[in-house]
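Structure first, commentary second.
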Amino acid sequence: MSDISVQLKNEAAAKLPAPITVADALRQLDRALAKQALTAKVDGRDVDLTFELQPQENGDAVRIEPVLPETLEGLGVLRHSTAHLLAAAVLDLFPGSKLGIGPPLLDDPRYGFFYDVIAPRPLTDADLPAIEKRMREIGKRNFAYRREEISREEALRIFRERDEPLKCELIENKGGPVVSVYYIDGTPFIDFCIGPHVPNTNKLRAFKLLSLAGAYWMGDSERPQMQRIYGTAFFTQEELDAWIKQREEAERRDHRRLGRELDLFSIQEEYGQGLIFWHPNGAMIRKQMEDYLYEELVKRNYSFVYTPHIAKRELWQISGHEQNYGDSMFAPTKLEDTEFRLKPMNCPFHIGIYKSQQRSYRNLPQRYAEMGTVYRAELSGTLHGLMRVRGFTVDDAHLFCTPDQVRREISDCVDFVNQVFHTFGFDKVKFELSVKGSDTSKQYLGAEEDWAQAEAALADSLNERGIDYARVEGEAAFYGPKIDFKIEDAIGRLWQLGTVQWDFNLPERFELEYIGEDNKPHRPVMVHRALFGSIERFFGVLIEHYAGAFPLWLAPVQIAVLPITDRINEYAEAVAKQLRGDGLRIEIDLRSEKISAKIRHAQLQKVPFMLVLGDRERDENRIAVRERTRGDIGTMTVEEFQRMARDLVTRRALVNIE
RNA sequence: GCCGGCGUAGCUCAGUGGUAGAGCAUCUGAUUUGUAAUCAGAGGGUCGGGGGUUCAAGUCCCUUCGCCGGCUCCA
């Protein structure tokens with residue numbers, strides 16, 4: 001028996017008798033660590049604890065680094081192994097089930113893992129508790145996760161015998177000559193899997209199955225649809241409980257619930273899916289959002305335009321929308337032998353305005369802004385509250401400029417969007433630079449060097465502001481690269497808001513020109529940009545962001561005037577009138593209710609300020625002010641309050657009180 | 001569009017084949033109130049729509065529409 005030199009992390013190397021497994025080596029080096037370890041890295045390679053250490057050929061020490069709980073990597077292993085446990089339970093309860101894939105999910109806060117299955121009969125939510133129970137039973141019996149390396153042919157034979165066609169397909173597509181499979185001993189489960197896994201099922205304690213959903217095999221809607229079982233797992237029950245609690249709190253912020261409770265908007269079946277009705281409260285907020293934007297647009301030297309909602313079909317053929325985007329457009333409608341289509345985007349209309357006269361380099365850039373309402377034929381299953389709708393308004397703008405000007409324009413757009421997010425108090429915006437992919441199946445327009453130049457301009461505008469962004473290959477539009485701004489909703493879904501896009505396509509298609517210094521025609525560069533993206537979606541995100549408690553400048557009702565008795569009504573009316581005269585939005589509660597009931601009502605409506613008025617206030621000609629989150633903040637004169645409120649509104653302050 | 005689930009009063013929900021209910025909200029009356037729910041009464045429903053089984057359907061079956069969670073899609 002020879003020795004093997006083993007080094008634990010950065011500690012000194014030790015000689016251990018070979019052969020020896022990682023688990024045994026760890027036990028000899030550090031018992032506490034050995035107990036905790038889930039898997040390990042051996043010279044940087046992920047392995048199970050049962051992995052047998054081999055001496056290095058050059059005699060160097062083998063470096064072991066255990067993968068421990070409470071690390072992201074450890075969590076990934078835990079969830080991956082839990083997914084296997086799930087599959088084992090399904091096979092046990094529903095023999096004959098076909099298995100798909102079952103990965104851990106670390107990026108998506110909604111879930112921890114899933115496994116795709118086709119059971120002999122469709123599973124329903126009611127089956128989840130039984131499956132979870134079986135997982136616990138298996139878990140308690142401390143079965144081992146056992147890895148085996150076998151030939152590809154052997155693996156195919158095993159999975160064919162078990163009638164697992166999907167697994168066979170995976171092996172054929174992904175497997176090398178030797179593949180690894182994992183068993184959970186004591187169960188009928190075997191998986192084609194690269195690992196690594198926890199040593200035994202006893203490690204898995206805090207897990208929960210969450211939901212059941214449909215999912216296409218290999219994400220292809222032409223292929224069979226499977227059932228995806230979602231679950232999550234943590235190292236301790238406390239972590240799991242905290243996660244569940246947080247999820248419940250998040251659900252309380254759901255904009256669909258708050259939209260109803262605060263009477264902000266509705267969607268009405270009898271009028272059509274995905275069409276938004278802005279009620280007075282929501283419309284008031286929207287007006288504040290738009291007013292803010294208009295103010296900024298003027299400061300940034302944009303021009304305003306208004307354009308139609310519908311245009312000749314031919315226009316959409318010239319623009320290429322019909323060819324590239326036709327599935328998302330409402331079908332044509334005919335009038336006197338001419339076909340028309342509702343607009344899914346505003347760009348062709350703004351181009352129409354650009355083309356209405358000859359342009360010179362001297363009067364570029366032209367910046368056309370419009371709150372343009374567009375209609376898209378989204379599939380019914382994709383609709384979601386305000387976030388995904390069929391009719392929405394884009395705070396759109398198109399910038400027409402010379403090639404020399406475009407970098408500056410893009411940079412200004414990024415500055416603008418940054419300011420907007422700052423104003424609304426968003427701090428968790430994700431920036432993505434979407435560029436051309438290497439995938440040749442997607443047709444991209446424009447020359448290689450144009451793409452490189454455009455990408456550099458976009459990247460620079462982010463870099464010069466120190467904005468973190470992800471570069472995403474293959475996500476660019478076919479007509480050019482873009483920057484997207486995304487944000488998470490209350491339940492962890494990511495939604496795209498605004499975008500800045502460089503367009504190689506439309507200036508060509510519409511043969512746009514400007515006359516240059518050389519007195520010759522040149523092609524302008526076109527940039528699309530939206531900050532909110534869709535006003536509906538941005539509003540949805542805003543509702544959840546503030547949990548319905550809007551800052552003063554946005555709140556539909558800013559101040560509730562609450563007289564304590566009927567005697568005070570007249571004084572209350574006078575106070576309300578004075579504040580209204582200053583442009584503040586006031587509601588007065590003259591109901592025959594106790595003051596605590598009126599306060600409760602205003603609190604539930606999340607009104608920022610309440611003015612409690614009784615005999616004392618009237619006699620002293622003052623008001624008692626209550627702030628939504630602070631409660632009673634004392635009395636003051638109407639003028640003092642008015643000054644404070646006006647200041648908060650003017651500054652678009654995010655909090656009502658410093 | 002596809003898979004699974006769910007549709008009962010404005011909202012949240014109860015109602016396992018035998019006379020459609022509760023709380024909140026709304027309206028009316030009484031009460032005149034000091035910082036998160038005063039009391040009493042009233043109105044409100046073709047139980048999502050259509051069809052079927054049955055002596056009898058909110059309840060069972062079929063179908064259709066919508067909603068929810070995913071998948072696909074998402075300029």
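Here the structure is a predicted model, which means the values were calculated and not measured. A, B, ... follow the sequence lines: proteins, then strands. Residue 1 opens every chain. Worth knowing before you read on, the calculation uses all heavy atoms, side chains too, and leaves out hydrogens, waters and symmetry mates.
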Report, one pair per line, the protein and nucleotides 59-68 of chain B atoms (nitrogen or oxygen only) whose separation is under 3.5 Å.
residue, atom, partner, partner atom, Å
rG66(B), OP1, Gln273(A), OE1, 2.7
rC67(B), OP2, Gln273(A), NE2, 2.5
rC68(B), OP1, Arg256(A), NH1, 3.3
rC68(B), O3', Arg256(A), NH1, 3.3

Original post:
Heavy atoms under 4.0 Å, any strand shown: does Ala215(A) hit a base, just sugar-phosphate, or nothing?
Top reply: sugar-phosphate
Original post:
What about Arg388(A): does its side chain form a donor-acceptor pair under 3.5 Å with the base of rC73(B)?
Top reply: yes
**OP:** May I ask you to say what Thr124(A) touches in the nucleic acid, namely base, sugar-phosphate or nothing, with a heavy-atom cut-off under 4.0 Å?
**Re:** sugar-phosphate
**OP:** Would you classify Tyr111(A) as touching base, sugar-phosphate or nothing, given that sugar-phosphate means primed atoms plus P, OP1 and OP2, and contacts are heavy atoms under 4.0 Å?
**Re:** sugar-phosphate
Original post:
With sequence neighbours left out, which residue pairs that include part of residues 494-511 of chain A fulfil the side-chain hydrogen bond (donor to acceptor under 3.5 Å, both in side chains) condition?
Top reply: Tyr479(A)-Gln501(A), Asp484(A)-Gln496(A), Asp484(A)-Thr499(A), Asp489(A)-Trp495(A), Thr499(A)-Gln501(A), Asp503(A)-His528(A), Asn505(A)-Arg509(A), Glu508(A)-Arg523(A)
**OP:** Determine the contact category for Asp503(A): base if any of its heavy atoms lies under 4.0 Å from a base atom, sugar-phosphate if only primed atoms, P, OP1 or OP2 are that close, otherwise nothing.
**Re:** nothing
Atom pairs and distances, donor-acceptor, side-chain atoms in residues 346-354 of chain A, under 3.5 Å, two or more places apart:
residue, atom, partner, partner atom, Å
Asn346(A), OD1, Lys343(A), NZ, 2.8
Asn346(A), ND2, Asp396(A), OD2, 2.8
His350(A), ND1, His398(A), ND1, 2.8
His350(A), NE2, Glu370(A), OE1, 2.7
Tyr354(A), OH, Glu513(A), O, 2.9

Subject >> Length of the CZ-C1' vector between Phe392(A) and rC74(B), whole Å >> reply: 10 Å
Subject >> Span that lies between the P atom of rG41(B) and that of rU35(B), in whole angstrom >> reply: 28 Å
Original post:
Which parts of nucleotides 30-38 of chain B does protein reach within less than 4.0 Å, heavy atoms only, written one letter per nucleotide 5' to 3' as B for base, S for sugar-phosphate only and - for none?
Top reply: BBBBBBBBB
**OP:** Using salt bridge (Lys or Arg N to Asp or Glu O under 4.0 Å) as the criterion, list what pairs up with Asp125(A), not counting sequence neighbours.
**Re:** none
Subject >> Base-pairing assignment for rA14(B) (Watson-Crick or G-U wobble, both under 3.5 Å) >> reply: none
**OP:** Pick out which of Leu531(A), Leu497(A), Val429(A) makes a side-chain contact (heavy atoms from CB on, under 4.5 Å) with Val417(A).
**Re:** Leu531(A)
Subject >> Value in whole Å for how far the P atom of rC74(B) lies from CD of Glu475(A) >> reply: 9 Å
Subject >> Assigned partner base of rU38(B), Watson-Crick or wobble definition, under 3.5 Å >> reply: rA30(B)
**OP:** For Lys598(A), report the nucleic acid contact type (base, sugar-phosphate, nothing); a contact means any heavy atom under 4.0 Å.
**Re:** nothing
Subject >> For rG4(B), the Watson-Crick or wobble counterpart (both distances under 3.5 Å) >> reply: rC68(B)
Original post:
What integer number of Å spans the C1' atoms of rA37(B) and rU19(B)?
Top reply: 34 Å
**OP:** Could you list the residues that satisfy side-chain hydrogen bond (donor to acceptor under 3.5 Å, both in side chains) with Glu432(A), not counting sequence neighbours?
**Re:** Lys486(A)
**OP:** Write down the distance between CZ (Arg537(A)) and P (rC74(B)), rounded to a whole number of angstrom.
**Re:** 13 Å
Subject >> base_contact_polar (rC2(B) base, Gln225(A) side chain, donor-acceptor, <3.5 Å) >> reply: yes
**OP:** Answer with base, sugar-phosphate or nothing: what part of the nucleic acid does His321(A) contact at a heavy-atom distance below 4.0 Å?
**Re:** base
Subject >> Pairs flagged by side-chain hydrogen bond (donor to acceptor under 3.5 Å, both in side chains) wherever residues 593-603 of chain A is involved - sequence neighbours left out >> reply: Gln603(A)-Arg626(A)
Original post:
Rounded to whole angstroms, how far apart are CG on Leu494(A) and P on rG70(B)?
Top reply: 13 Å
Subject >> Gap between atom CZ of Phe400(A) and atom OH of Tyr368(A) - 0.5 Å precision >> reply: 6.5 Å
Original post:
For rU12(B), does either OP1 or OP2 sit under 4.0 Å from a side-chain N or O belonging to Arg260(A)?
Top reply: yes
Subject >> Rounded distance (Å) that lies between atom P of rG5(B) and atom CZ of Arg121(A) >> reply: 10 Å
Subject >> C1' atoms of rC62(B) and rU53(B), separation to the nearest Å >> reply: 10 Å
Original post:
Is there a Watson-Crick or G-U wobble partner for rG58(B) with both distances under 3.5 Å, and if so, which one is it?
Top reply: none
Original post:
Is the gap between the ring centers of Tyr325(A) and Trp316(A) under 6.0 Å?
Top reply: no
**OP:** Searching all strands shown, indicate the nucleotide that pairs with rA25(B) (Watson-Crick or G-U wobble; both distances under 3.5 Å).
**Re:** none
Original post:
Say you pick atom C1' in rC68(B) and the same atom in rU16(B); how far apart are they, in whole Å?
Top reply: 25 Å
Subject >> Nearest-Å distance once atom P is located in both rG45(B) and rG52(B) >> reply: 26 Å
**OP:** Provide, to the nearest angstrom, the distance between the CD atom belonging to Gln268(A) and the C1' atom belonging to rG10(B).
**Re:** 12 Å
**OP:** Take atom P in rC71(B) and the same atom in rU63(B), then report the distance between them in whole Å.
**Re:** 27 Å
Subject >> For rA9(B), the Watson-Crick or wobble counterpart (both distances under 3.5 Å) >> reply: none
Original post:
Is a donor-acceptor contact shorter than 3.5 angstrom present between the side chain of Tyr216(A) and the base of rG70(B)?
Top reply: no
Subject >> Side-chain N or O of Tyr230(A) closer than 4.0 Å to phosphate OP1/OP2 of rG4(B) >> reply: no
**OP:** Would you mind reading off the distance between Leu209(A) atom CG and rG70(B) atom P, rounded to a whole angstrom?
**Re:** 16 Å
Original post:
Whole-Å distance between rC71(B) P and Glu378(A) CD?
Top reply: 16 Å
Original post:
Is Arg341(A) salt-bridged to Glu322(A), going by a charged N under 4.0 Å from an acidic O?
Top reply: yes
**OP:** Report the residue (Asp220(A) or Gly320(A)) whose heavy-atom-nearest nucleotide on RNA chain B is the more 5′ of the two.
**Re:** Asp220(A)
Original post:
Does Thr565(A) have any side-chain hydrogen bond (donor to acceptor under 3.5 Å, both in side chains) partners at least two apart in sequence or in another chain, and if so, which?
Top reply: none
**OP:** Kindly indicate whether a cation-pi arrangement holds for Arg228(A) with Phe114(A), taking the cut-offs as under 6.0 Å to the six-membered ring centre and within 45° of the axis.
**Re:** yes
Original post:
Using the C1' atom in both, what is the distance from rA36(B) to rA42(B), to the nearest Å?
Top reply: 27 Å
Original post:
For atom C1', what is the distance between rC65(B) and rG48(B), given to the nearest Å?
Top reply: 7 Å
Original post:
Considering residues at least two apart in sequence or located in another chain, which fulfil the side-chain hydrogen bond (donor to acceptor under 3.5 Å, both in side chains) criterion with Glu314(A)?
Top reply: none
